[in-house]
Amino acid sequence: MCYINVKLGIFCKLKKLISMKIPLLKSISLAIGLVALPFSSNFALAQTDSKLTVYCTVQNKVCEDLTKRFSKQYHIDTQFVHGGTGTILGKIKAEKENPQADIWYGGTIEPHFQAGQLGLLEAYRSPRQGEILPRFKALMESDKGKFTSIAYVMVLGFGVNTEKLKQLGVEPPKKWADLLDPRLKGEVQLPDPRSSGTTYTLIATLIEMWGEEKTFEYLKKLDKNISQYVKSTLVTSNLSRGESAVTVGFVHGYSAEKEKGAPVDSVLPADGVGYALGGVSIIKGARNVENAKRFMDWVLSKEVQEIPWRKDGAYQTPANINAEVSPLSARIDNVKLVEVNYDRFGSSEEGKRLVDKWVSEVKLAK
Ligand code: PLP
């Protein structure tokens with residue numbers, strides 16, 4: 001047992017002498033050993049604090065790249081678990097008494113707010129909040145910003161497979177109602193809102209535009225054209241492979257597929273473009289709170305906000321005003337976005353009510 005501490009270095013030397021069988025030193029060693037105990041437990045604590053577990057709801061490649069870079073830069077053993085926004089919210093709720101992760105990076109922000117409201121998040125205002133786009137300043141200064149910061153912005157639109165649409169003889173949809181075209185029967189896929197924040201954003205956006213009744217009527221009609229409700233990552237890859245012709249999602253995902261050569265394009269609906277903010281929050285009871293704070297400050301910095309598009313082919317729009325935006329990212333200053341009431345859709349009760357209503361009135365209703 002050779003400790004890093006100078007005092008404990010003496011302990012090592014004494015042990016060496018003991019091995020030379022000098023009896024008097026045995027009792028001295030025992031005494032120093034007792035002194036060493038608190039140091040050794042401190043050392044154990046220091047070891048625990050050199051770890052970090054991230055629940056990660058951005059592209060798998062970005063999770064991998066950022067956690068690797070953070071590990072290397074800060075010598076912190078950083079692991080991640082990837083999952084959709086709804087899935088991670090469910091995990092954090094289930095692990096309330098024994099949290100398994102320290103920080104939640106990415107995912108649509110309403111479920112972060114819901115977790116905050118349920119007391120599942122640790123209060124932390126990163127000093128980097130001052131660099132977040134000024135249009136979200138009031139949100140960051142509100143109580144919600146005590147627990148969650150905005151890491152990036154995403155724009156909601158249609159994803160289309162241009163070849164598949166050509167085969168079907170259908171023009172790309174321009175408006176929300178165009179997704180109800182009977183010729184698209186079995187050709188539309190959507191993420192399941194129980195696991196995915198994307199479809200929760202869709203529901204919130206339509207409610208803001210049309211009210212709840214018309215939204216659910218629309219979703220029920222749309223259900224007739226849906227082949228499957230799957231994970232959001234799968235929806236995009238299925239679209240690229242031509243397993244579906246149309247989907248609804250964040251348009252940066254379609255830019256990435258197009259760049260890779262897939263016959264995929266995005267359309268911003270003429271009658272209302274939704275958006276979502278990507279959140280980052282520290283989990284209450286986290287074992288590695290200081291590392292989690294460091295990670296939050298780091299992912300909000302200008303340099304790190306540019307890594308997903310410069311290195312990983314991921315084009316969500318950075319939330320840091322100083323970060324350069326990729327030419328392939330959606331320019332949120334040029335589009336009129338449907339505003340979301342975060343008090344309503346960030347409420348845990350409302351979130352649960354709307355997802356349960358979708359299950360009973362859309363998914364299971366025949
Ligand atoms: N964050 C990013 C960067 C995304 O691209 C997406 C989905 O496309 C999400 C969050 C939301 O993912 P999910 O709908 O699986 O919760």
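Counting convention: from 1, in listed order, for ligands and their atoms alike.
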Practice problem: Tell me, please, whether Tyr229 has Lys363 positioned over its six-membered ring: NZ or CZ under 6.0 Å from the ring centre and within 45 degrees of its axis? | Solution: no

Quiz item: How long is the span from the OG1 atom in Thr215 to the CH2 atom in Trp176, to the nearest 0.5 Å?
Solution: 10.0 Å

Quiz item: Under 4.0 Å from ligand 1, counting heavy atoms only, is it the side chain of Met154, its backbone, both or neither?
Solution: side chain

Practice problem: Using a strict cut-off of less than 4.0 Å between a Lys/Arg side-chain nitrogen and an Asp/Glu carboxylate oxygen, indicate whether Glu303 and Arg69 qualify as a salt bridge. | Solution: no

Self-check item: Sidechain N-carboxylate O distance under 4.0 Å for Lys61, Glu64
Solution: no

Quiz prompt | Verify same cluster id: Ile207, Val359 (apolar side-chain graph, 4.5 Å) | solution = yes

Practice problem: Please report which non-hydrogen protein atom sits nearest to atom 16 (O) of ligand 1, along with the residue it belongs to and the distance in Å to one decimal place. | Solution: Thr85 OG1, 2.4 Å

Exercise. Under 4.0 Å from a heavy atom of Thr57: give me the atoms of ligand 1 that qualify, with their elements.
Key: 1 (N), 2 (C), 10 (C)

Quiz item: For ligand 1, which atoms have a heavy atom of Gly84 less than 4.0 angstrom away?
Solution: 15 (O), 16 (O)

Quiz item: Taking distance alone, with no angle check, do Thr108 and ligand 1 share an N/O pair under 3.5 Å?
Solution: no

Exercise. Flag yes if Tyr200 and Trp210 sit in one hydrophobic cluster, no otherwise; membership is Ile, Leu, Val, Met, Phe, Trp, Tyr, and two members link when side-chain heavy atoms are under 4.5 Å apart.
Key: yes

Practice problem: Give yes if a backbone or side-chain nitrogen or oxygen of Gly197 is under 3.5 Å from a nitrogen or oxygen of ligand 1, and no if not. | Solution: yes

Quiz item: By number and element, which atoms of ligand 1 are closer than 4.0 Å to a non-hydrogen atom of Phe250?
Solution: 7 (C), 8 (O)

Quiz item: Purely on distance, is any nitrogen or oxygen of Tyr152 under 3.5 Å from one on ligand 1?
Solution: yes

Exercise. Go through the side-chain N and O atoms of Thr247 and Gln189 and say whether any donor and acceptor fall under 3.5 Å apart.
Key: no

Practice problem: Look at ligand 1 and say whether His252 reaches it with a heavy atom at a distance under 4.0 Å. | Solution: yes

Quiz item: His112 and Val280: which non-hydrogen atoms are nearest, and at how many Å?
Solution: CE1-N, 3.8 Å

Quiz item: For ligand 1, which atoms have a heavy atom of Thr198 less than 4.0 angstrom away?
Solution: 7 (C), 11 (C), 12 (O), 13 (P), 14 (O)

Exercise. Flag Gln316 as yes when one of its N or O atoms lies below 3.5 Å from any N or O atom of ligand 1, and as no otherwise.
Key: no

Exercise. Looking only at protein heavy atoms, identify the closest one to atom 15 (O) of ligand 1 and say how far it is in Å.
Key: Ser232 OG, 2.5 Å

